[in-house]
Amino acid sequence: MPLVAGCEDDPVVAADYPPFPPDGVFSVTGDGVVTIYWNSNQEGDLAGYTVYRGNEDLAGPYYALADVPANQTYYDDFDVNNGETWFYAVAAVDKNGHESDLSAEDVFDTPRPAGDDLVLVELGQDPLHAGYDFSSLSNTSQSAALGTTDIYFENQAGVQYIVCADPGVDIQDYGLIPLDGADYAPAPSEGGWAPSKKAEAVAGHSYFVRILTGGQYNYAKFYVDGAPSTTVTLDWAYQPSTSYYGNRELLVFRGGTR
């Protein structure tokens, strides 16, 4: 039994406390995967971590998902479906089997499909392959005239644009930033959507798209990969989860306080 310094005739038993809860917990949204990250605990008797997950609410209930060794501070959760929201927490475990409280951050994630190298042909060159429907979840272009088309590619007076194909679709240029940098689509109150319903296609820029269907919103993003010519190549992600205001999560959520 461990002792602490004190009177030789009256030793004091050292308290054996559970570890502190992990902090800095956040998730990264993927295509059919959610990755959970956290900061390393500093206890000398740390044995590892237990990752917890729930599917009801931030308040729980949470169920043990996986045990992770002490030298690992992430977990890839592949047991998820795109468009479904999951809630996460992490606990630390010491070598005596004591487990900490759950981490304090509010961490939830809705994985979404994504794709690379979608090619759209300029409308005047080939209208049958100028458009794209994000909900198709494919890398296949389609006719700009189809009712399901969300965006299409067109040269207007010498300027190449990505154009909204329907009055219920909005677009905004997020600037010179990689696709992974466009993590959370703007809230309705933030604005920034192009009144003209089009945005110039610029190499290296990322864009957000908002799609109104049946009174609810879906959000998507895409990246212009290379200089547009008679075609444009896009990398994209689409959030199939929908609601009145829409699920705007497209890459990462860094939690606040539970």
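For clarity, every value in this text was computed on a predicted model and none was experimentally measured.
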For a 4.5 angstrom cut-off between non-hydrogen side-chain atoms, does Leu65 reach Tyr75? yes

Taking the side chain from Asn41 and the backbone from Glu43, do they hold a donor-acceptor pair closer than 3.5 Å? no

The test is side chain to side chain contact (heavy atoms under 4.5 Å, CB included); show your working for Asp23 and Glu105 and say whether it passes. CA-CA 7 Å; Asp23 62 10; Glu105 291 83 0; 3.9 Å; yes

I'd like to know if the side chain of Lys197 and the backbone of Val163 have a donor-acceptor N/O pair within less than 3.5 Å. no

Distance check, rounded to the nearest 0.5 Å: Ile151 atom CD1 versus Ile211 atom CD1? 8.0 Å

Among Thr233, Leu234, Asp235, Val202, the one residue meeting side chain to side chain contact (heavy atoms under 4.5 Å, CB included) with Val224: Leu234

Ignoring hydrogens and geometry beyond distance, is a side-chain donor-acceptor pair present between Gln156 and Lys198 at under 3.5 Å? yes

Is it the case that Asp117 and Asn139 place a side-chain donor and acceptor less than 3.5 Å from each other? no

Where the side chain of Asn81 meets the backbone of Glu84, is there a donor-acceptor pair that is under 3.5 Å apart? no

Among Asn82, Asp76, Val28, whose side chain to side chain contact (heavy atoms under 4.5 Å, CB included) with Val33 holds? Asp76

Say whether Leu120 and Leu137 are linked into one hydrophobic cluster, either directly or through other cluster members, by side-chain heavy-atom distances under 4.5 angstrom. yes

Can you tell me how far apart CG (Asp45) and CG (Asp94) are? Round to the nearest 0.5 Å. 4.5 Å

Would Tyr62 end up clustered with Val93 when hydrophobic side chains under 4.5 Å apart are linked, directly or stepwise? no

Please report the shortest heavy-atom distance between Tyr238 and Pro240, naming the atom on each side. O-CD, 3.2 Å

Closest non-hydrogen atom pair between Leu58 and Val107, with its separation: CD2-N, 4.0 Å

Given Tyr74 and Ile36, is the side chain to side chain contact (heavy atoms under 4.5 Å, CB included) satisfied, shown in steps? CA-CA 5 Å; Tyr74 71 92; Ile36 312 301; over 6 Å; no

From Thr85 OG1 over to Asp57 CG, what is the distance, rounded to the nearest 0.5 angstrom? 11.0 Å

Will you find, in the side chains of Thr73 and Ser40, an N or O donor that is under 3.5 Å from an N or O acceptor? no

Tell me whether Trp236 shares a hydrophobic cluster with Val119, the cluster being built from Ile, Leu, Val, Met, Phe, Trp, Tyr side chains joined at under 4.5 Å. no

Going through the distances and angles, do Thr29 and Val34 end up as a side chain to side chain contact (heavy atoms under 4.5 Å, CB included)? CA-CA 5 Å; Thr29 308; Val34 175; 5.9 Å; no

Would a 4.5 Å heavy-atom cut-off, applied to side chains only, mark His205 and Tyr223 as touching? no

Mark yes or no for whether Ser100, through its side chain, and Ala92, through its backbone, hold a donor-acceptor pair below 3.5 Å. yes

Apply side chain to side chain contact (heavy atoms under 4.5 Å, CB included) to Phe87 and Asp109, showing your working. CA-CA 7 Å; Phe87 304 88; Asp109 208 292; over 6 Å; no

Is there a chain of hydrophobic side chains (I, L, V, M, F, W, Y, each step under 4.5 Å between heavy atoms) that links Phe134 to Tyr152? no

Apply ring pair (Phe, Tyr, Trp, His ring centres under 6.0 Å) to Tyr207 and Tyr174, showing your working. CA-CA 5 Å; Tyr207 302 76; Tyr174 200 56; 9.7 Å; no

Answer yes if Val209 and Leu123 sit in the same cluster of Ile, Leu, Val, Met, Phe, Trp and Tyr residues linked by side chain heavy atoms under 4.5 Å apart, and no otherwise. no

What are the two closest non-hydrogen atoms of Val169 and Cys164, and how far apart are they? O-SG, 3.4 Å

Check the pair Gln142, Thr148 against side-chain hydrogen bond (donor to acceptor under 3.5 Å, both in side chains), reporting the backbone distance first and the verdict last. CA-CA 9 Å; Gln142 64 183 44; Thr148 57; 3.0 Å; yes

Scanning both residues in full, the closest heavy-atom pair of Ile162 with Ala201 reads CG1-CB, 4.1 Å

Could you list the residues that satisfy side-chain contact (heavy atoms from CB on, under 4.5 Å) with Thr230, not counting sequence neighbours? Gln125

Between the main-chain N or O of Val90 and the side-chain N or O of Ser103, is there a donor-acceptor pair closer than 3.5 Å? yes

Under 3.5 Å donor-acceptor, Gln160 side chain and Phe153 backbone: no

Near-ring test Phe108/Trp86, centroid separation under 6.0 angstrom: no

So Asp150 and Tyr132, do their side chains get closer than 4.5 Å, heavy atoms only? no

Nearest-0.5 Å distance, OG of residue Ser141 to CG of residue Asp126: 7.5 Å

Which heavy atom in Asp31 sits nearest to a heavy atom in Ala114, and how many Å separate them? OD2-N, 3.3 Å

What pairs with Pro186 under side-chain contact (heavy atoms from CB on, under 4.5 Å), at least two apart in sequence or on another chain? Gln172, Glu190, Trp193, Phe208

4.5 Å side-chain heavy-atom contact, Ser206 and Lys221: no

Pair Thr149, Asp133: side-chain N/O donor-acceptor within cut-off below 3.5 Å: no

Using a strict threshold of under 4.0 Å (side-chain N to carboxylate O), is an ion pair present between Arg53 and Asp79? yes

Could you pull out all residues at least two apart from Pro69 that satisfy side-chain contact (heavy atoms from CB on, under 4.5 Å)? Asn71, Gln72

Compare all side-chain heavy atoms of Gln239 with those of Thr110 and state whether any distance is below 4.5 angstrom. yes

Can you name the closest pair of heavy atoms from Pro22 and Tyr49 and give their distance? CG-CD2, 3.9 Å

side-chain hydrogen bond (donor to acceptor under 3.5 Å, both in side chains) between Asn155 and Tyr161, intermediate numbers included: CA-CA 6 Å; Asn155 186 313; Tyr161 291 99; over 6 Å; no

State, without any angle test, whether Asp77 and Tyr88 hold a side-chain donor-acceptor pair at a distance under 3.5 Å. yes

